[in-house]
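Sequence lines set the chain letters: A, B, ... in the order given, protein chains first and strands last, and positions in each chain run from 1.
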Amino acid sequence: MVPALEFDEVTKQYNRWYRPQRVTALDGLTLTVEPGEIFGFLGPNGAGKTTAIHLAMGFMRPTAGRGLMLGKPFGDRKTRRRIGFLAENVALYYRPAEELVRFYGALNDVPGPCLKLRVRKVLEALGLVEYARRNAGKFSRGLLQRVGLAQALINDPELVVLDEPTSALDPVARVTVRELLTNMRNLGKTVFVSSHLLSEVELISDRVAVLNRGRLVRVGKTSELLASDEKLEITVRGIRPDVFPGGQALNGVVKFRIGSQQQRAALEQVWQLGGEVLSVNPVRRSLEQVFLELTAPAPAGAERISHR
Amino acid sequence: MRQVRLIAVNFVREQRWPILVLMLWVGVLSIMGVVVDVRRSGEDVLLIFKQVAAYGVAFAVFFGASAIHNERKTRRILSVLSKGVGREQYVAGLLCGITFAVSLYALAVAMTGTWILEPAGFPVRHLWFLMLCLLIASILAAAVAVLFSTFLNPLFATLSAILVLGMPAAAAAELDAKWADLIPVYALLELLMKASFSQKWTARWDLVLLGFFESGLCWVAASWVFSRRDIAVAID
Ligand SMILES: Nc1ncnc2c1ncn2[C@@H]1O[C@H](COP(=O)(O)OP(=O)(O)OP(=O)(O)O)[C@@H](O)[C@H]1O
Ligand SMILES: [Mg+2]
């Protein structure tokens, strides 16, 4: 199957002819997003997420490297008809929400009769029915973001590219969007989402990539990233809690953590003492912990602003 | 085609206030028609009429030089170009929107002109041909301005457009009158500005066709440049 998105050594430098400095926003990004997955795109402020997304959408051209979206080069007009996009700070025209969504649907060549139905559907899905006739120019940030999502979904896209889609949403709307995105995945569609809301990404994404200072620092299955191979949590019955350092007893069950190298020795010790092993689990870290480790400040000298 | 139409309508809708201001001039013209006795001061009225008509070109340059910039500055261009819209369609949409606005103006001016000037003996066919010249001059001026606005900010785009549109006039004055036809905005406006009651007129269809053709060329060039531009970067 054709990957939904493919970055191949993509580099983007922002430079201006009258300024001696150039900013390398993206530095040799190579990344493949498979069809049918929810892909979390993470990174601290200024990491280059928006830059990568804009390159994929064809708003900009890479300084070096190339990329494919649904098998076609970035910026292909026909391909864009099959995708949905929500910008980071969504800016829309000042007119009734329903009219806006219809406008964007028509731009994407959704045929007339189908369009009316789709508009109703997405407005319903995003809880915008009561706001349909109100001017989006007077919407709160969260409502605007919902209209932005509605226009991204109007063409029933195969791939959605969302730049911080839930940053302004209230908790209820966040749950709604989360469900919407998992539903899309269940229908075989691809979701590429950049976000700072790590707990949310942790909940829905199949894979994540972490970007730092324009470079890809980690990509992998969310579950694998969260499992730490260094530590294990062992649950046993029938031994005293002070046998292992840090052991805790609760309802006759003892839990303790050990390094993975000591697993065998620890288990044998439990059996020798006549204990019973109930479970051995890798300690799960939160995505936040992983993120903080991966994006810890780089040592001096890793500055990205270069002079010509 | 659907995309071009949508973008054109959207442009007109977004620019409705400037367009309304433009139409106010037609209102001023018609007031003059009521107040002044055209039969006695025909040439004076014609002079004012010609000046008001020529504002259409200024507005076209203004619209052309700022359209892309406005959309980029407000970031609204991103949601539009994230759809199945080509850059050439986008530029075509803007040009069609501007064309619609100036057509509306030229039509209103032509109707007012017919009402005011016909009783004083100005040939109606001449008047409507002049309005066609105005329209074509405006479209070409807008197309040149749009072309510059794909890589310059509105101020520089406006200045460059004025320079380029004025160059044939300078060349005509210095070298040979034929040079005026090169980029015929000036030549078309000259037809309008030199019109008088006593003049024997001929329709310069060559200039009209050339203006139309060059507008198309500008569209091609503007699309080519614009499709190579990063639209998401900060603008200056
Ligand atoms: N138009 C521009 N001109 C110059 N530098 C830019 C421009 N746009 C972005 N940058 C720089 O490129 C880098 C990456 O920016 P980008 O917007 O891609 O980050 P991001 O990961 O989306 O950040 P955030 O999480 O804050 O949205 C930053 O250092 C930023 O300052
Ligand atoms: Mg960003």
Atom OH of Tyr93(A) with >12 non-hydrogen neighbours under 6.0 angstrom:
yes
So, taking the atom named CZ in Phe59(A) and the one named CD1 in Ile77(B), what distance separates them when rounded to the nearest 0.5 Å?
8.5 Å
Checked Val9(B), Leu6(B), Asn10(B), Leu81(B) vs chain A; the most non-hydrogen pairs under 4.5 Å come from Asn10(B)
In terms of heavy-atom proximity below 4.5 Å to chain B, should Asn155(A) be classed as side chain, backbone, both, or neither?
neither
CZ (Arg120(A)) with more than 12 external heavy atoms under 6.0 Å:
no
Mark yes or no: Arg76(B) above the aromatic ring of Tyr94(A), with NZ or CZ under 6.0 Å from the six-membered ring centre and no more than 45 degrees from the axis.
yes
Are the side chains of Ile7(B) and Leu107(A) in touch, meaning some heavy atoms are under 4.5 Å apart?
yes
Roughly how far apart are Asn108(A) CG and Gln3(B) CD, rounded to 0.5 Å?
8.0 Å
Pick from Arg75(B), Arg229(B), Arg5(B): which one has the most heavy-atom pairs with chain A under 4.5 Å?
Arg75(B)
Gap between atom CG of Asp230(B) and atom CG of Leu55(A) - 0.5 Å precision:
8.0 Å
Among Thr50(A), Leu86(A), Asn89(A), Val161(A), which has the most heavy-atom pairs under 4.5 Å with chain B?
Asn89(A)
Give a yes or no answer on whether the side chain of Arg77(A) reaches the backbone of Val85(B) with a donor-acceptor pair at less than 3.5 Å.
no
Is it the case that atom CH2 in Trp179(B) sees more than 12 heavy atoms from other parts of the structure closer than 6.0 Å?
no
Distance, nearest 0.5 Å, that separates CD1 of Ile83(A) from OG of Ser82(B):
6.5 Å
Side chain to side chain contact (heavy atoms under 4.5 Å, CB included) between Arg2(B) and Asp109(A), intermediate numbers included
CA-CA 8 Å; Arg2(B) 190 181 184 194; Asp109(A) 249 348; 3.5 Å; yes
Please name the pair of heavy atoms, one in Arg80(A) and one in Lys83(B), separated by the smallest distance, quoted to 0.1 Å.
NE-O, 2.9 Å
Atom CZ of Arg215(A): over 12 foreign heavy atoms under 6.0 Å:
no
Could you have a look at Ala152(A), Gly148(A), Ala87(A), Ala106(A) and say which one has the most heavy-atom pairs with chain B under 4.5 angstrom?
Ala106(A)
Please determine, among Arg82(A), His54(A), Arg61(A), Arg81(A), the option with the most heavy-atom pairs under 4.5 Å with chain B.
Arg61(A)
For Ser79(B) against Ala91(A), the heavy-atom pair lying closest together:
OG-O, 3.4 Å
